[in-house]
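Reading through the structure tokens given below for one structure.
All ligand and atom numbering here is 1-based and tracks the order in the structure. Fair warning: this is a prediction, and the values are worked out from it, not measured in the lab. In this chain, numbering begins with 1 at the start of the sequence shown.
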Amino acid sequence: MGKIAITERVTGHTELIGLIAYPIRHSMSPTMHNEAFKKLGLDYVYVCFEVDNSTLEDTVKGLRAMKVRGWNVSMPNKGPITQYLDKLSPVSQIVGACNTVVNDNGVLTGTITDGTGAMRSLKEEGVEYVGKKMTIVGAGGAATAILVQAALDGVREIAVFNRRDEFFPKAEKVVAQLNEQTECKVTLYDLADHASLKRELDSSDIYIDGTSCGMKPLEGVVAIPDKSYLHKELVVMDTVYAPRQTELMRWADEVGCKNFNGLGMMLYQGAEAFKLWTGKDMPVDFIRDVLF
Ligand code: NAD
């Protein structure tokens, strides 16, 4: 908070916004939101709380009782918290998870801003996605939020690839729902089906990697077999932002693909949550300079 004394900054009027997750001490969200509150002169503070599934229900009860305006939710609480909320946005309902809660006079509404964050990041990078074909690798929380938002936002066709792990059956349900409820044609494949992966990437305009590959402990790991799966016209977005450049992005550079990391997605998911809590637009250019 710069040189402002805590006693000037935090008074009896100050309202709380939080983040509940475990582990969480590494998060950039407090800096993002507190800098934005300061910049706009809004009387809130944003604080991290180490909360896992075992203390989640009590935490939600407590935050509601204390009339906290809202909070972010991260792993491992994104899915489990939905059972303790009063309402879920349409996207949260399909994804079965939420990363943002808004408390309107005791009514708790959950939504997920990762997908809108990713779509805005594409837009800010000058990537046109309406009517285009996308391949998404990954079917966890972040990838599913992007999948649902992309289908709702006018992407024509999406190929989703995931390992046959615990995320696969959930993805089957989401894909069925999207094919029923949206104009987008969505198909789910096993990531081990390399022939389909090659064919779908060859005919895609945009490739989004939403797997844990590329960040610790999978730093240096790439979800697709090699760079021959990329083509020059493909836009590659890796949702990872630490490290800033992943091995996938290095391959994309070598092939000549436009590519970028998940920093934009992180910034814009935060900006949307900020707007939901405060009604104000986050000063994103200022925050980008502060954070990155
Ligand atoms: P998650 O645990 O819900 O999902 C993990 C996904 O990775 C699953 O699809 C899983 O099948 C896949 N996976 C794991 N190991 C793999 C491997 N060795 N090979 C292939 N696939 C593998 O996690 P999440 O919260 O959805 O996070 C996934 C990624 O999204 C992470 O890299 C995280 O950094 C990123 N993320 C970015 C933002 C952002 O704002 N930029 C926000 C949330 C998550």
(message) Just to confirm my output: which protein heavy-atom neighbour is closest to atom 42 (C) of ligand 1, and how far is it?
(response) Met265 CE, 3.8 Å

(request) May I ask you to identify the nearest protein heavy atom to atom 12 (C) of ligand 1, giving residue, atom name and distance to one decimal place in Å? (result) Thr211 CB, 3.8 Å

(message) Would Arg288 and Phe292 count as a cation-pi pair here, with the cationic atom under 6.0 angstrom from the ring centre and within 45° of the axis?
(response) no

(message) If you count heavy atoms of other groups shown closer than 6.0 angstrom to NZ of Lys133, is the number above 12?
(response) yes

(message) salt bridge (charged side-chain N to carboxylate O under 4.0 Å, His left out), that's the test. Do Lys78 and Asp114 meet it? Break it down for me.
(response) CA-CA 11 Å; Lys78 280 179 155 182; Asp114 292 323; 2.9 Å; yes

(request) May I ask you to check whether Asp114 has an N/O atom sitting below 3.5 Å from an N/O atom of ligand 1? (result) no

(message) Is the contact between Cys213 and ligand 1 made by the side chain, the backbone, both, or neither, using heavy atoms and a 4.0 Å cut-off?
(response) side chain

(request) May I ask you to check whether over 12 heavy atoms, not counting those of Gln181, lie within 6.0 Å of atom CD? (result) yes

(message) Between ligand 1 and Met266, is the shortest N or O to N or O distance under 3.5 Å?
(response) yes

(request) Could you tell me whether Met215 and ligand 1 have an N or O pair separated by under 3.5 Å? (result) no

(message) Can you confirm whether Tyr22 is buried at OH, in the sense that more than 12 heavy atoms of other residues, nucleotides or ligands lie under 6.0 Å from that atom?
(response) no

(request) Looking only at protein heavy atoms, identify the closest one to atom 5 (C) of ligand 1 and say how far it is in Å. (result) Ser212 OG, 3.3 Å

(request) Please say whether Thr239 places an N or O atom under 3.5 Å from an N or O atom belonging to ligand 1. (result) yes

(request) Please report which non-hydrogen protein atom sits nearest to atom 18 (N) of ligand 1, along with the residue it belongs to and the distance in Å to one decimal place. (result) Arg163 NH1, 3.4 Å

(request) Around atom 10 (C) of ligand 1, find the nearest protein heavy atom and jot down its residue, atom name and distance. (result) Asp165 OD2, 3.5 Å

(request) Check which hydrophobic residues are tied to Val255 through side-chain heavy-atom contacts below 4.5 Å, counting indirect links as well, and list them. (result) Val137, Phe161, Tyr189, Leu191, Leu197, Leu201, Tyr207, Val222, Ile224, Tyr229, Leu230, Leu234, Val236, Leu248, Trp251

(request) Output yes when Arg250 and Glu247 qualify as a salt bridge under the 4.0 Å nitrogen-oxygen rule, no when they do not. (result) yes

(request) Give yes or no for whether the N/O distance cutoff of 3.5 Å, strictly under, is met between Gly141 and ligand 1. (result) yes

(message) Tell me the protein heavy atom at minimum distance from atom 28 (C) of ligand 1, and give that distance in Å.
(response) Gly210 O, 3.4 Å

(message) Evaluate Met75 for polar contact with ligand 1, using N/O atom pairs at a separation under 3.5 Å.
(response) no

(request) Before signing off on this row, confirm whether Leu263 and ligand 1 have an N or O atom pair separated by under 3.5 Å. (result) no

(request) Give yes if a backbone or side-chain nitrogen or oxygen of Asn162 is under 3.5 Å from a nitrogen or oxygen of ligand 1, and no if not. (result) yes

(message) Assess, by modelled atom type and distance only, whether the side chains of Asn77 and Asp52 contain a donor and an acceptor separated by less than 3.5 Å.
(response) no

(request) Answer yes or no: does atom NZ of Lys39 have more than 12 heavy-atom neighbours from other residues, nucleotides or ligands under 6.0 Å? (result) no

(message) For atom 4 (O) of ligand 1, what is the closest protein heavy atom, and at what distance to 0.1 Å?
(response) Gly140 CA, 3.3 Å

(request) Run down the list Pro76, Ala192, Ala142 and name the one with the heavy atom closest to atom 36 (N) of ligand 1. (result) Ala142

(request) List for me each residue that meets salt bridge (charged side-chain N to carboxylate O under 4.0 Å, His left out) alongside Glu124, sequence neighbours excluded, and say none if there are none. (result) Arg120

(request) Evaluate the side-chain proximity of Arg69 to Asp104: yes if any heavy-atom separation is below 4.5 Å, no if none is. (result) yes

(request) Give yes if a backbone or side-chain nitrogen or oxygen of Val221 is under 3.5 Å from a nitrogen or oxygen of ligand 1, and no if not. (result) no

(request) Among all protein heavy atoms, pick the one closest to atom 1 (P) of ligand 1 and tell me residue, atom and distance. (result) Phe167 CZ, 3.8 Å

(request) Consider ligand 1: state whether an atom of it lies below 4.0 angstrom from any non-hydrogen atom of Ala139. (result) yes

